[in-house]
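To keep things clear, I will list the structure first and then write my remarks on it.
What you see below is based on every heavy atom in this structure, not just the backbone, and it leaves out hydrogens, waters and symmetry mates.
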Amino acid sequence: LALDIGPGDEVITTPLTFVATVNMILAVGAEPVLVDINPDTLNIDAKSIEAHITPRTKAIIPVHIAGQPCDLDPILALAKQHNLYVIDDAAHAVGARYKDQPIGSLCDATAFSFYATKNITTGEGGMLTSPHDELIAKARPLSLHGLSQDAWKRYSQNEFKHYLVNEPGYKYNMTDIQAALGLVQLTKCDAFTEKRTEIVDRYKKQLQNLPLTFQEPIAEIKHA
């Protein structure tokens with residue numbers, strides 16, 4: 001919504017994801033276009049994206065499934081070529097890195113989840129990151145009823161500041177208590193990732209003689 005994507009637009013993403021990814025495309029009135037995955041990595045097949053780009057395409061949403069970053073370079077190159085946004089779904093990928101760059105710093109916007117099952121948790125909630133100040137400035141009011149000033153900004157100065165409601169918004173803000181939990185969780189993120197890696201290695205070792213296929217890692221990434 002903050003990127004002005006809406007009715008008549010198409011957004012390319014993967015079918016191997018939680019419903020939230022597609023729900024938000026539908027929520028703004030756009031049309032999801034599903035591109036198949038690479039069966040080895042389980043991530044969206046970057047080579048197949050271009051064939052699904054049309055004049056109506058506005059964005060690509062790669063999903064870093066199970067915490068493994070997508071191969072972002074070809075996706076970002078395609079987006080630049082066709083003037084598209086890249087919004088990566090990093091619900092599984094807190095602490096992951098692509099070519100030594102943290103996930104959350106590479107695309108136009110990145111959505112993280114801090115739900116109870118994720119690498120770090122605030123009990124509920126999430127986070128949006130973007131290198132574009134104007135995008136964050138537009139997204140913040142949308143997350144709190146469209147208010148131009150949240151309570152902190154209205155009451156933390158010497159005098160009360162009035163707010164405006166410039167557009168309809170939602171109730172998507174994280175509470176301060178959740179944020180306090182999250183700041184402590186962030187200090188433990190690397191240790192949590194190491195523990196998860198140990199558990200994955202144990203599974204692979206114990207299940208290696210069964211007819212199972214594991215997610216193949218790609219080069220130059222840190223798996224979450």
Side-chain angles (χ1 to χ4, degrees), residues 1-39 41-94 96 98 101-115 118 125-143 146 167-173 218 224:
L1 194 62
L3 291 168
D4 297 318
I5 294 171
D9 297 331
E10 294 176 349
V11 178
I12 293 173
T13 192
T14 167
L16 187 60
T17 183
F18 185 61
V19 292
T21 312
V22 171
N23 280 351
M24 294 316 301
I25 300 171
L26 296 171
V28 299
E31 182 178 340
V33 176
L34 302 181
V35 172
D36 209 352
I37 62 166
N38 179 314
T41 66
L42 306 183
N43 284 330
I44 191 169
D45 186 357
K47 296 178 181 178
S48 300
I49 291 175
E50 187 165 23
H52 292 79
I53 295 173
T54 76
R56 295 170 56 197
T57 307
K58 287 294 182 70
I60 304 167
I61 305 182
V63 177
H64 307 301
I65 197 72
Q68 170 153 276
C70 295
D71 191 6
L72 286 173
D73 278 352
I75 295 174
L76 292 169
L78 267 179
K80 184 176 182 180
Q81 177 185 345
H82 294 276
N83 196 28
L84 307 175
Y85 296 114
V86 179
I87 309 162
D88 52 337
D89 181 334
H92 295 170
V94 176
Y98 177 76
Q101 297 296 311
I103 294 299
S105 66
L106 295 160
C107 299
D108 294 297
T110 301
F112 291 97
S113 172
F114 302 140
Y115 187 62
K118 299 303 189 291
M127 177 172 70
L128 176 73
T129 64
S130 175
H132 307 303
D133 292 341
E134 66 276 14
L135 174 58
I136 294 296
K138 191 166 184 179
R140 281 190 189 281
L142 287 171
S143 74
E167 60 184 324
Y170 302 87
K171 189 71 171 78
Y172 288 165
N173 64 299
I218 65 172

Can you name the salt bridge (Lys or Arg N to Asp or Glu O under 4.0 Å) partners of [X], sequence neighbours left out?
| X | answer |
| --- | --- |
| K138 | D4 |
| E31 | R56 |
| D71 | none |
| D73 | K99 |

Q.
Among residues at least two apart in sequence or on other chains, which ones pass side-chain hydrogen bond (donor to acceptor under 3.5 Å, both in side chains) with D108?
A. H132
Could you list the residues that satisfy side chain to side chain contact (heavy atoms under 4.5 Å, CB included) with [X], not counting sequence neighbours?
| X | result |
| --- | --- |
| A91 | D89, S113, K118 |
| A139 | A2, L128 |
| D45 | K47, S48 |
| T110 | D88, A90, I103, C107, F112, T129 |

Q. Taking all atoms of both residues into account, what is the closest heavy-atom pair of I44 and C70, and its distance?
A. CG2-SG, 4.2 Å
Identify all side-chain donor-acceptor contacts of residues 74-81 below 3.5 Å with residues at least two apart in sequence or on another chain.
none

(Q) side chain to side chain contact (heavy atoms under 4.5 Å, CB included) for I25 and I61? Distances and angles first, verdict last. (A) CA-CA 10 Å; I25 300 171; I61 305 182; 4.1 Å; yes
Q. Residues two or more places apart in sequence or in another chain: which of them pass ring pair (Phe, Tyr, Trp, His ring centres under 6.0 Å) with Y170?
A. Y172
